[in-house]
Every structure is written in C-alpha cells, then in structure tokens.
Number of protein chains: 2
Amino acid sequence: MEKAIEALSRKGPSGTEVADWIRSQIRASRFVPGQRLVEVDIIRKTGGSRFKVREALQRLAAEGLVEIEEYRGASVKGASMSEIRQLYRSRAALEGLCAADFTRIATQAQRDRLRVITQDMERCIDEGSTEMFGKLNAEFHTMLMQVPGNDVIQDLVKRLNTPVHHLLFESFYRGDRMREAVADHWRIVEAIDAGDCAAAEREMRRHIENGHRVLEALDQAMHHDG
Amino acid sequence: MEKAIEALSRKGPSGTEVADWIRSQIRASRFVPGQRLVEVDIIRKTGGSRFKVREALQRLAAEGLVEIEEYRGASVKGASMSEIRQLYRSRAALEGLCAADFTRIATQAQRDRLRVITQDMERCIDEGSTEMFGKLNAEFHTMLMQVPGNDVIQDLVKRLNTPVHHLLFESFYRGDRMREAVADHWRIVEAIDAGDCAAAEREMRRHIENGHRVLEALDQAMHHDG
DNA sequence: GCTGACGAAATTGTTGACAATATTGTAGCT
DNA sequence: AGCTACAATATTGTCAACAATTTCGTCAGC
C-alpha cells in the first residue's frame, strides 16, 4: 500500500539522475561520439521532464562530456587521439601520486588485498573471463586511490576515464594486454611492499602509459581496417 | 551605427557568460563561501534571464564551485582545509608533469623567458608591487603548462585553483612567501636548463606544496585571531 | 539529373505563470 | 521574556506554451 503511494507520488528522475543515466549510456557505448542527444528521446527513455533533461545536459556540458551548440542541441563529444593521450598523461600523474601515497600509509591488510586481486586477475586470464578481469582491474585502481583518501583525485580520474571507458574491454582483447597489465600490477605491488614510494609511482605511471599505447594501436587498427 | 544596432539587438549574456561572471566574483572574493546566490540578485546584476542564470548555476555546480540544495538554491561552496590540501596535491602532480615535459621540449627562447620572468619577480619584491608579482607568477606557471600543450591539464589546474584563488594575494603578504617562491622558481629554472626532467618535476612539486603550507599557516592565524 | 528556392516539420531557446518549499514575521499564550 | 502556532513573504522548482532556428523534403527551372 505504502509502496503504491510512494510509486504514485514518485516524481520523475532528478537532473543528476538523468545525467547519470546519460553518462552510463555513453560508458556502455550505447551513445557514441558525435551522436546527437535529442531532448525528446531522452525524455521518453528516462521519464524526466524536458526541464530536467536540459539541466542534465548543462551539467554534462560543464564536465566536457557533451557539446552544446546553439539551436543544434547536445551531442556526445568524442575525444581525439591527441586528447586521449592528454587524458592518459593526466591520469598517470594523478594515479602515480596515489600509488606513492598508498605505499606510505597502507596497512598490511590493504597491501595483501592488492596481491589477492592481482592473483585473481591472473586466474581470470586462464579462465578467459574478461568481464571479471575488468572488475578486478577497476578494484585495483580504485583501492590505490581510496586508501590515500584524496576524493578530489578520485573524482578527477573518474571524469578523465569516462570518455574512453567503452574502449577498455576492447583493449583487453588486444594482443597480450591482459598479461601485460598483470605484469605491471605485480611490479606495482612489489614496489609497494618494498616501501619504495618512488618506484611505486614510476611503475604506476608506466602502467597507465602502457594502457594508452594499446589504445593507440587499437585506433590505428580501426583506421587500417576501414 | 552598426554598433548601435548590435547593441540594441544584443541579447542578454549567455549561460556561460553568466557562469564566467559568477566565477570571477568568487575569485575576487566578492562572493564568499557559504554565501547564498539568489537568482534574482544575479539577474539584476548580469541582465541575464532567470533561465540562463539557472543554467549557469547548474554548470558551476557540476564544476563543484557551488552547491545546490533543494528549494534552498545555490551557495558558494567553500573548500575545507582538508580539501585545499587535496587540491594542492593534485596540482602538484599535474604541474610537476608539465615541468618535466617542458624540460624535454621547450625552445631556448622559452627557457630564457622563464628566467626573465623570475628576474622581474625579484624586482617586484624590492619595489613592493605585489600585484605585478602575482601576474608574473601566473605567467610563469601558465607558460610551463602551455608549452607542453596539454589542454586537459591546463583546464584541470584552472578549476582546481578557483576555490583558493582569492587567498593567493593574502599568501604573498605572509612572511617571506614572495622570496621563497622566487627561490623555488630559480631552482625550477636551473633544473630545466640542466635538462633534468626529474629534478624539474621534483622542484615544481615542492614549490606547490610550499604554497600549500603557507595557506595552512594563514588558516591557523585566522583561527587564532578569531 | 542537378540546383536552388521555398516551405513544412523537427528541434531547441525563451518566457511567463504557477506550484512547492523555506524563511521570516507576528500574535497569542504561559 | 520565551515559546509555539500560524500567516505572510521570499525563493526556488516545474511546467506548458510560444518564438527562433535548423533540417529536410519538395518542386520548379535549367
């Protein structure tokens, strides 16, 4: 009964909820770069009012995820290869710092958890479970950022990642990317356990730059195919 | 004549222009943290319609510069000391990377310009022209970011700076901050001229962390005074 | 067949009015 | 005086209608 009332009195999604929905669509590549985001379509699919949809688009424009042109509306802003390079370099700097901080302050339990994650990732390669590999990879990186407790960096990295998020799983299929990534992770873990902040930072940067290189190769392959 | 027509047909400021205006007010400390941003006030002062003002506030909320509460409107979001620390650490990581990149790719003319700026800053201290010192300091940091050409980092740093921008000039009056800053700059310049990327990065980080320490002292002094 | 003008349809921009909520002021009571 | 309840005001949230602009299809003319 109360649920029914709640359902009836339930207003449509808020501006931020609509924005989150659009973001998720972009991350899942259901909205691709260049695609126009027509207001009525989003209204139909989210149930939000036009007002809230526009609100959401404004926020996303401020984040740089969509582009709004006068009388032409919003469209998904794709990152050029040059921008992607810049995103990755920024990420490398920020996550590198986190790795160094993690090395300084992490507890033994937290360091152990990193090892377990990396071991599980290795197993995922053998079992071919790419999706789980992706989740563990995310957990690895998230943990390194969460422990130092710098929310600003976490937020920045999340934003930097959104425009290329949909390419992540593609990259895992590229050559030996998964094995390479695990090898990178091991090097990071070793540096952390050795208490070597500088090495942890250096390895993390290298790891992320490697990820960028794979994206570049992927891009070239796509252009080559057609 | 044409100008008159242009002025007459001139619509009110766009959403981004209103947002820029609010940002500038915050940077100039005419809007202080916690202050409520009442829509009609902004409408009166900017000439923008209510729609555009709300648009602007949404964008600023996405940037994290203002906070919007249901039925209570927008207010300037002040950064806590802990957040300021996080902002500075992020800046240190990003600008550190730029310093290293600058060292790699800058031309001789660009390196010379850095020296000239730093010399001028020294003169400003003797002449007591704090404002000019601030401008030169900004040019120094901007140049180090512009030459590597990473627009993403430049944008991030600008955003990270906004919440503390109004404290910059205060910090210059604090103790020997100006002399310290110039000393830091000299060390950065030396590392760059020596072609030592790692040193340039290290010195830039130290420089920014020093800036943070001054803000911390400033904060404590304020709390001490009352 | 192609081009350009023209107009209908689609889409976004803007405004104003009204609803929902918070804030402030006031009166009455203890 | 201090407190609560209630009314008045101020402020923000929402919506629907209308204006401005682009986009797309159509058709005449060459």
Side-chain angles (χ1 to χ4, degrees), chain A residues 5-23 25-26 30-78, chain B residues 5-23 25-26 30-78:
Chain A
I5 293 174
E6 193 184 338
L8 283 176
S9 70
R10 171 78 180 150
K11 301 285 195 89
S14 72
T16 40
E17 282 170 331
V18 174
D20 288 342
W21 181 82
I22 296 175
R23 247 193 303 266
Q25 298 298 104
I26 293 176
R30 274 189 285 274
F31 288 161
V32 298
Q35 180 172 345
R36 287 184 57 184
L37 301 175
V38 179
E39 294 175 359
V40 277
D41 291 343
I42 301 174
I43 291 172
R44 267 196 286 269
K45 282 171 187 162
T46 64
S49 67
R50 188 168 168 220
F51 183 83
K52 289 177 183 162
V53 169
R54 299 200 59 154
E55 204 172 85
L57 290 174
Q58 284 296 327
R59 293 182 89 109
L60 294 173
E63 283 178 30
L65 209 62
V66 310
E67 205 171 12
I68 298 183
E69 283 172 296
E70 185 100 343
Y71 288 109
R72 301 210 39 207
S75 53
V76 181
K77 192 166 134 197
Chain B
I5 293 175
E6 191 184 339
L8 283 176
S9 70
R10 171 79 179 147
K11 300 287 196 89
S14 72
T16 41
E17 281 170 331
V18 174
D20 288 342
W21 181 82
I22 296 175
R23 245 192 304 268
Q25 298 298 104
I26 293 175
R30 273 190 285 275
F31 288 161
V32 297
Q35 180 171 345
R36 287 185 56 184
L37 301 175
V38 179
E39 294 177 356
V40 278
D41 291 343
I42 301 174
I43 292 172
R44 267 196 286 268
K45 282 169 187 162
T46 64
S49 66
R50 190 172 165 216
F51 184 82
K52 288 180 184 159
V53 170
R54 298 199 58 146
E55 204 172 86
L57 290 174
Q58 284 295 328
R59 295 182 88 108
L60 293 172
E63 283 178 30
L65 209 62
V66 310
E67 203 172 12
I68 298 183
E69 282 172 297
E70 185 99 342
Y71 289 110
R72 299 209 42 205
S75 53
V76 181
K77 191 165 134 197

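Chain letters run A, B, ... following the sequence lines, proteins first, then strands; residues in each count from 1. The structure displayed is predicted, hence computed values, not measured ones.
Between B:P13 and B:T46, the shortest heavy-atom distance links the atoms CG-O, 3.4 Å. When every heavy atom of A:V53 is checked against every heavy atom of A:G48, the shortest pair comes out as CG2-O, 4.3 Å. Minimum heavy-atom separation, B:F31 to B:V76: CB-CG2, 3.9 Å.
With rounding to whole Å, B:R54 atom CZ is found 12 Å from D:dC15 atom P. In this structure, A:E69 places its CD atom 10 Å from P of C:dG13, rounding to the nearest Å. Distance CG (A:L37) to P (C:dT12): 9 Å, rounded to an integer number of Å. Counting to the nearest Å, the P atom of D:dT14 and the CD1 atom of A:I43 are 14 Å from each other. As a whole-Å value, the separation of A:Q58 CD from C:dT12 P is 13 Å. Taking atom CZ of B:R50 as the reference point, atom P of C:dG16 lies 12 Å away to the nearest angstrom.
Distance check: A:I26 CD1 to A:L37 CG gives 6.5 Å after rounding to the nearest 0.5 Å.
Screening residues 36-51 of chain B for salt bridge (Lys or Arg N to Asp or Glu O under 4.0 Å), with sequence neighbours left out, gives B:E39-B:R50, B:E39-B:R54, B:D41-B:R44.
Of the listed nucleotides (C:dT15, C:dT12, D:dT14), C:dT15 has the atom at the smallest distance from the side chain of B:F51. Distances were taken from every side-chain heavy atom of B:E39 (C-beta onward) to each of C:dT11, D:dA17, D:dG13; the shortest belongs to D:dG13.
Dashed line: the shortest gap from a side-chain N or O of B:S49 to OP1 or OP2 of C:dT14 is not under 4.0 Å.
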Between the protein and nucleotides 21-25 of chain C, which nitrogen or oxygen pairs are less than 3.5 angstrom apart?
residue: C:dT23; atom: OP1; partner: B:R72; partner atom: NE; Å: 2.7
residue: C:dT23; atom: OP1; partner: B:R72; partner atom: NH2; Å: 3.2

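Among the atoms of the strands shown, none is found under 4.0 Å from any heavy atom of A:L57.
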Side-chain polar contacts of residues 55-62 of chain A - donor-acceptor pairs under 3.5 angstrom, sequence neighbours left out - could you list them?
residue: A:Q58; atom: OE1; partner: B:R59; partner atom: NH1; Å: 2.8
residue: A:R59; atom: NH1; partner: B:Q58; partner atom: OE1; Å: 2.8

